[in-house]
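For reference, the structure discussed in these notes is given below.
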Amino acid sequence: MREIQLRDAKSALSAIVEEVSHGESAIITRHGKPTAVLMGYQEWQRLSHIPSFARLLTSAPLEPGDLPERDETPLRDFPV
C-alpha cells in the first residue's frame, strides 16, 4: 500500500482511482500523518460485509447447556 500526500493526491486523483480499481490501495497523508485510505469498491464491499464478533456469537446455534456455567468466585484482593 503506497502513501500519497494529500496535495499530490489532488493533482493525480484520476490515476490513483485507476490504480485502486485494480486492487492497489493507497494511504492519503496530511502533514505526514495517515488520514484516509483509498481502496477499490470491490475490496470495500468485501470488508464491509464481515460480521462483527458479537454478531457471530449471537447468531451461533447454541443450545442451553452448550456453554459452561459462569464462575461466580469472588476476585482476590491485591495489596496496593
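All figures in this text were calculated on a predicted structure; none of them were measured in a lab. Values below: all heavy atoms of this structure, side chains included; hydrogens, waters and symmetry mates excluded.
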Checklist entry - Looking only at heavy atoms, what is the nearest atom pair of I16 and A26, with distance? => result CG2-CB, 4.3 Å
Next on the checklist: Can you confirm whether more than 12 heavy atoms, excluding those of Q45, are under 6.0 Å from its CD atom?
Outcome noted: yes
Item to check | Taking every non-hydrogen atom, the tightest pair across M39 and S25 | outcome: CB-OG, 3.7 Å
Item to check | Residue pair I4 / I27, side-chain heavy-atom distance below 4.5 Å | outcome: no
Checklist outcome for this item: Hits for side chain to side chain donor-acceptor pair (under 3.5 Å) against E43, two or more places apart or cross-chain, chain-then-number order -> R46
Checklist outcome for this item: Closest heavy-atom pair, A9 versus I28, reported as atoms and distance to 0.1 Å, is CB-CD1, 3.7 Å
Next on the checklist: For T35, give me all partners under side-chain contact (heavy atoms from CB on, under 4.5 Å), at least two apart in sequence or on another chain.
Outcome noted: R30
Checklist entry - For L67, what are the other residues in its hydrophobic cluster, where any two members join if their side-chain heavy atoms are less than 4.5 angstrom apart? => result L62
Checklist entry - ring-ring contact (aromatic ring centres under 6.0 Å, His included) with F53: which residues, sequence neighbours excluded? => result none
Next on the checklist: Just to verify, what does T73 make a side chain to side chain donor-acceptor pair (under 3.5 Å) with, not counting sequence neighbours?
Outcome noted: D71
Checklist entry - Taking only residues two or more places apart in sequence or in another chain, which ones pass side chain to side chain donor-acceptor pair (under 3.5 Å) with R7? => result Q5
Item to check | Pairs flagged by salt bridge (Lys or Arg N to Asp or Glu O under 4.0 Å) wherever residues 8-25 is involved - sequence neighbours left out | outcome: R2-E19
Item to check | Common cluster, L47/L56, ILVMFWY with side-chain heavy-atom separation under 4.5 Å | outcome: no
Item to check | Residues clustered with V17, ILVMFWY side-chain links under 4.5 angstrom | outcome: L13
Checklist entry - Please, which pairs that meet ring-ring contact (aromatic ring centres under 6.0 Å, His included) have at least one residue in residues 14-41, sequence neighbours excluded? => result Y41-W44
Checklist entry - Which residue pairs satisfy the salt bridge (Lys or Arg N to Asp or Glu O under 4.0 Å) criterion with at least one member in residues 54-69, sequence neighbours excluded? => result none
